[in-house]
Amino acid sequence: MNRTATDLSDPTAAAAGPWTTRRLLAWTGEYLTSKGVDQPRLSAEALLAHVLGVGRIKLYMDMDRPANALERAAYRDLIERAAEHEPVDYLVGHAPFFSMTLQVSPAVLVPRPSTETLVEHVIQHSKRTPGFRSPTIADIGTGSGAIAIALAKHLPESFVVATDISEAALAVARENAKRLGVSDRIEFFHGDGLDPLDGRRVSYLLSNPPYIDDDRWARLPANVKDHEPTSALRAGADGLDVIRPLIEGASGVLEAPGQLAIEIDDQHKEAVIALVNTTDGLDRPRVLADHEGLDRVLVADRVE
Ligand code: SAM
Ligand code: GLN
């Protein structure tokens with residue numbers, strides 16, 4: 001049978017009894033699976049919890065709750081959009097990052113678990129390294145504000161400058177900073193690469209910039225490629241269009257001591273290490289692995 005989510009209002013389906021949470025989840029989980037959606041059951045739960053205005057755990061506490069017609073109509077719309085591979089985080093309007101909940105819209109990249117590697121590194125490094133305990137931090141291409149906000153929260157003596165080339169992304173980031181209570185220690189600037197720093201010196205120069213090369217772009221899943229901002233993802237044929245000027249300009253904006261940390265594609269490790277090695281004022285390039293064991297974060301030190 002070629003089912004669609006509209007079956008949720010089909011009278012023959014209704015003959016099987018009321019659309020309880022249990023039935024809705026079983027049915028839509030199967031439907032999203034048939035559409036090749038990533039994490040179908042989890043997506044169905046997140047969307048139903050959103051429509052019912054409860055947390056996901058609450059769904060399990062009342063699996064026999066019948067959904068009314070309005071709730072079913074709202075759920076059906078979201079399920080159809082998820083079936084077209086719209087990211088569930090955009091549909092519900094928020095995403096988890098570093099134990100926080102960030103508001104997201106299609107103007108920003110959905111923050112990824114891999115990016116927590118960079119955040120965790122900076123927190124640990126700042127706490128244990130003299131000269132970095134009250135750091136000034138730059139987050140270039142802040143998107144939802146994920147890196148900037150996590151660091152402002154976990155390093156209470158830090159001050160963060162967060163930038164983006166997209167005004168729409170900055171609006172989302174500003175709102176997140178306000179909601180999470182750190183807007184007094186983050187300043188937001190619009191502009192390309194290092195330009196908005198405008199002579200400011202920082203202890204940490206950080207970025208999760210666009211780094212998808214043409215080869216990987218061709219292989220990206222539909223939920224990323226067709227729905228997330230291309231300007232947050234693609235960076236030229238070799239994926240280094242945004243990273244290259246950041247590395248080349250790093251020693252001009254870093255204090256000494258200072259540190260550069262940039263999220264990279266795991267396939268670009270050799271290329272970014274070579275770039276650091278041919279740049280004056282930077283030393284000790286190394287790459288940290290993310291939670292999947294993939295080479296993910298380039299780190300280098302500013303030297304006199
Ligand atoms: N930092 C966020 C995170 O980790 O979730 C967002 C990362 S997203 C991969 C890259 C961000 O960089 C996007 O918000 C995009 O608008 C921004 N961007 C792209 N090119 C840029 C440039 N040349 N200068 C500054 N920001 C840029
Ligand atoms: N890691 C992202 C992905 O999964 C890409 C992020 C980026 O380009 N900075 O597609």
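Every heavy atom of this structure was used, including side-chain atoms; hydrogens, water molecules and symmetry mates were not. Both counts, for ligands and for their atoms, begin at 1 and track the order of listing.
Classified by interplanar angle (parallel below 30°, tilted 30° to 60°, perpendicular above 60°), the ring pair Phe132/Tyr204 is tilted.
The nearest heavy-atom contact from the protein to atom 9 (C) of ligand 1 is Ala232 O, 3.0 Å. With respect to atom 8 (O) of ligand 2, the closest heavy atom belonging to the protein is Tyr211 N, 3.2 Å. Closest to atom 24 (N) of ligand 1 among all protein heavy atoms lies Gly193 N, 2.9 Å. Among all protein heavy atoms, the one lying closest to atom 5 (O) of ligand 1 is Pro111 CA, 3.8 Å. Ranking protein heavy atoms by distance to atom 26 (N) of ligand 1, first place goes to Ile165 N, 3.3 Å. Of the protein's non-hydrogen atoms, Asp164 OD1, 2.6 Å is the one closest to atom 16 (O) of ligand 1.
Rounding to the nearest 0.5 angstrom, the gap separating the CZ atom in Arg201 from the CG atom in Leu254 is 8.0 Å. Ser105 contributes atom OG, which lies 11.5 Å from atom CD of Glu175 (distance to the nearest 0.5 angstrom).
Under 4.0 Å from ligand 2, the heavy atoms of Arg112 that appear belong solely to its side chain. Contact annotation for Asn208 and ligand 1: heavy atoms of both the backbone and the side chain come within less than 4.0 Å of the ligand.
Between Glu263 and ligand 2, no N or O atom pair is found at a separation short of 3.5 Å. Of the N or O atoms in Arg112, none lie within a sub-3.5 Å distance of an N or O in ligand 1. Any N or O atom pair closer than 3.5 Å counts here, and Pro209 shares at least one such pair with ligand 2. Between Asp192 and ligand 1, a contact under 3.5 Å exists for at least one N or O pair. Of the N or O atoms in Thr142, one or more lie within a sub-3.5 Å distance of an N or O in ligand 1. The shortest N or O to N or O distance between Ala146 and ligand 1 is not below 3.5 Å.
Atoms of ligand 1 lying under 4.0 Å from any heavy atom of Thr115, numbered from 1 in the order shown and given with element: 4 (O). Those atoms of ligand 1 with a heavy atom of Gly191 less than 4.0 angstrom away are 24 (N), 25 (C). Ligand-side atoms of ligand 1 in range of Ser231: 15 (C), 19 (C), range being under 4.0 angstrom from any heavy atom. Every atom of ligand 2 with a heavy atom of Leu233 under 4.0 Å away is listed here by number and element: 5 (C), 8 (O), 10 (O).
A donor and an acceptor atom, one from each side chain of His268 and Asp213, are located under 3.5 Å apart. Between Asn176 and Gln103, the side chains place no donor N or O within less than 3.5 Å of an acceptor N or O (distance only, hydrogens not considered).
A salt bridge links Glu228 and Arg112; the closest N-O separation between the charged side-chain nitrogens and carboxylate oxygens is under 4.0 Å. One finds a salt bridge joining Arg286 and Asp301 here, because a Lys/Arg side-chain nitrogen approaches an Asp/Glu carboxylate oxygen to under 4.0 Å. Look at Arg296 and Asp265 and you find no salt bridge, because none of the NZ, NE, NH1 or NH2 atoms lies under 4.0 Å from a carboxylate O.
The side chain to side chain contact (heavy atoms under 4.5 Å, CB included) test with Pro209 is passed by exactly one of Asp241, Ile262, Ile165: Ile262.
Within 6.0 Å of the CG atom in Asp184, the count of heavy atoms belonging to other residues, nucleotides or ligands exceeds 12. For CZ of Arg219, the number of neighbouring non-hydrogen atoms (other residues, nucleotides, ligands) closer than 6.0 Å is greater than 12.
Closest heavy-atom approach to atom 1 (N) of ligand 1 within the set Gly143, Gly141, Ser166, Ala107: this belongs to Gly141.
In this structure, Ala232 is part of the shell of residues with a heavy atom less than 4.0 angstrom from ligand 2. Judged by the shortest distance from any of its heavy atoms, Pro210 lies inside the 4.0 Å radius around the atoms of ligand 2. Ligand 1 lies nowhere less than 4.0 angstrom from a heavy atom belonging to Val108.
Remark: aromatic rings of Tyr75 and His50 are distant, center separation not under 6.0 Å.
Arg302 places a side-chain N or O within 3.5 Å of a backbone atom of Ser251 that can act as its donor or acceptor partner.
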